[in-house]
A.B. asks: 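What follows is a structure written as structure tokens; I'll ask about it next.
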Amino acid sequence: MSEALPEGVGVARAEHFESVAQQRYAATLGIWAWLITELLLFAALFLVALITRIQHPEATVEAARHLKFWIGATNTVVLICSSLTMSMAIEFSRMGWQRAMVRMMLATAALGALFLLLKGYEYYADYQEHMMPFLSGRLYELAQSPASRLFVNLYYVATSLHALHLFTGIAILLGMTWKAAKPGFLSRHQNWIEVYGLYWHFIDLVWILAFPILYVVNR
């Protein structure tokens with residue numbers, strides 16, 4: 001980040017870095033390298049979902065009709081709002097407004113938790129409707145359509161993996177918020193907020209891709 005930061009906002013240089021600028025660059029490069037590998041993982045899952053739609057259109061559409069569109073749409077709005085609050089936390093950290101930053105971090109975590117609650121309810125509704133083909137002891141609603149199992153199982157793999165990333169993100173965010181509330185945090189670790197913000201936006205991006213591919217295209 002090239003812009004000058006207010007007094008009391010900065011980064012404590014680690015011994016193995018020559019400068020703060022190098023430390024910031026290394027942290028940003030590292031998180032981007034990891035996020036790209038994670039994006040490739042989700043991209044492969046979404047690609048298989050699209051191929052399944054092409055090869056088995058009727059079975060995929062039949063399975064997709066059981067997805068709770070209103071929950072998927074609501075969760076999309078929830079995560080977009082969480083990206084806004086995370087962006088505000090980053091801006092407040094740059095301005096040195098520690099209390100406002102902490103509040104936005106807590107708001108981001110709360111929105112993430114709301115997403116998981118809605119997702120959990122959706123899974124419960126799927127269970128009630130016998131839409132979990134991987135449960136061997138429970139009849140699958142679309143048993144007469146074997147091809148639909150591929151799409152439904154793929155849906156659970158993709159969404160549960162995203163939920164795991166989100167749960168991990170919330171846990172990290174709450175731990176960081178606890179540290180960020182302490183005096184002097186922004187003078188030593190402002191870049192933590194910057195780097196973590198990239199991870200949170202990545203979680204949101206994955207869902208923004210997942211919603212149309214799983215919920216919209218296949219209806």
A.B. asks: Under the side-chain hydrogen bond (donor to acceptor under 3.5 Å, both in side chains) test, which residues partner Thr159, sequence neighbours left out?
C.D. replies: Tyr123

A.B. asks: What side chain to side chain donor-acceptor pair (under 3.5 Å) pairs are there with at least one residue in residues 54-64, not counting sequence neighbours?
C.D. replies: Glu62-Gln144

A.B. asks: Go through the steps for Val206 and Phe46 under the test side-chain contact (heavy atoms from CB on, under 4.5 Å), then give the verdict.
C.D. replies: CA-CA 10 Å; Val206 169; Phe46 296 152; 4.2 Å; yes

A.B. asks: Enumerate the ring-ring contact (aromatic ring centres under 6.0 Å, His included) contacts for residues 124-145, please, sequence neighbours excluded, ordered by first and then second residue.
C.D. replies: Phe134-Tyr156

A.B. asks: So which residues get pulled into Ile208's cluster when ILVMFWY side chains under 4.5 Å apart are joined, directly or through others?
C.D. replies: Ile80

A.B. asks: So does Tyr25 get a backbone contact from the side chain of Thr28, meaning a donor-acceptor N/O pair under 3.5 Å?
C.D. replies: no

A.B. asks: List the atom pairs, donor and acceptor, that lie under 3.5 Å between side-chain atoms in residues 161-169 and the rest of the protein, sequence neighbours left out.
C.D. replies:
residue: His162; atom: NE2; partner: Ile203; partner atom: O; Å: 3.0
residue: His165; atom: ND1; partner: Leu161; partner atom: O; Å: 2.8
residue: His165; atom: NE2; partner: Glu38; partner atom: OE1; Å: 2.4
residue: Thr168; atom: OG1; partner: Leu164; partner atom: O; Å: 2.9

A.B. asks: Looking at residues at least two apart in the chain, or sitting in another chain, which of them share a salt bridge (charged side-chain N to carboxylate O under 4.0 Å, His left out) with Asp126?
C.D. replies: Lys68

A.B. asks: Ile51: which other cluster members, linking ILVMFWY side chains closer than 4.5 Å, directly or transitively?
C.D. replies: Leu47

A.B. asks: Check this for me: Trp178, atom CH2, are more than 12 non-hydrogen atoms of other residues, nucleotides or ligands nearer than 6.0 Å?
C.D. replies: no

A.B. asks: Do Phe42 and Phe202 make a side-chain contact, defined as non-hydrogen atoms from C-beta onward lying under 4.5 Å apart?
C.D. replies: yes

A.B. asks: Once side chain to side chain donor-acceptor pair (under 3.5 Å) is applied, what residue pairs with a partner in residues 99-121 remain, sequence neighbours excluded?
C.D. replies: Thr85-Thr108, Lys119-Glu122, Lys119-Tyr155, Lys119-Tyr215

A.B. asks: Under the criterion side-chain contact (heavy atoms from CB on, under 4.5 Å), I'd like the reasoning laid out for Met86 against Ile193: C-alpha separation, chi angles, the key distance, then a yes or no.
C.D. replies: CA-CA 9 Å; Met86 190 67 234; Ile193 311 300; 4.1 Å; yes

A.B. asks: State plainly whether one hydrophobic cluster holds both Leu117 and Ile71, where clusters connect Ile, Leu, Val, Met, Phe, Trp and Tyr through side-chain heavy atoms under 4.5 angstrom apart.
C.D. replies: no

A.B. asks: Mind listing the closest non-hydrogen atom pair of Leu45 and Leu154 along with its distance?
C.D. replies: O-CD2, 3.6 Å

A.B. asks: Rounded at 0.5 Å granularity, tell me how far CZ in Arg149 sits from OG1 in Thr52.
C.D. replies: 15.0 Å

A.B. asks: Residues in salt bridge (charged side-chain N to carboxylate O under 4.0 Å, His left out) with Glu141, at least two apart?
C.D. replies: none

A.B. asks: Please, which pairs that meet salt bridge (charged side-chain N to carboxylate O under 4.0 Å, His left out) have at least one residue in residues 159-172, sequence neighbours excluded?
C.D. replies: none

A.B. asks: Could you walk me through whether Glu91 and Met88 pass the side-chain contact (heavy atoms from CB on, under 4.5 Å) test, one step at a time?
C.D. replies: CA-CA 5 Å; Glu91 288 301 318; Met88 293 175 67; 5.6 Å; no

A.B. asks: With sequence neighbours left out, write down each residue that passes side-chain hydrogen bond (donor to acceptor under 3.5 Å, both in side chains) with Tyr196, or none if nothing qualifies.
C.D. replies: none

A.B. asks: Name all pairs fulfilling the side chain to side chain donor-acceptor pair (under 3.5 Å) condition that reach into residues 73-84, sequence neighbours left out, sorted by first residue then second.
C.D. replies: Thr76-Trp207, Ser82-Trp200, Ser82-Asp204, Ser83-His201, Ser83-Asp204

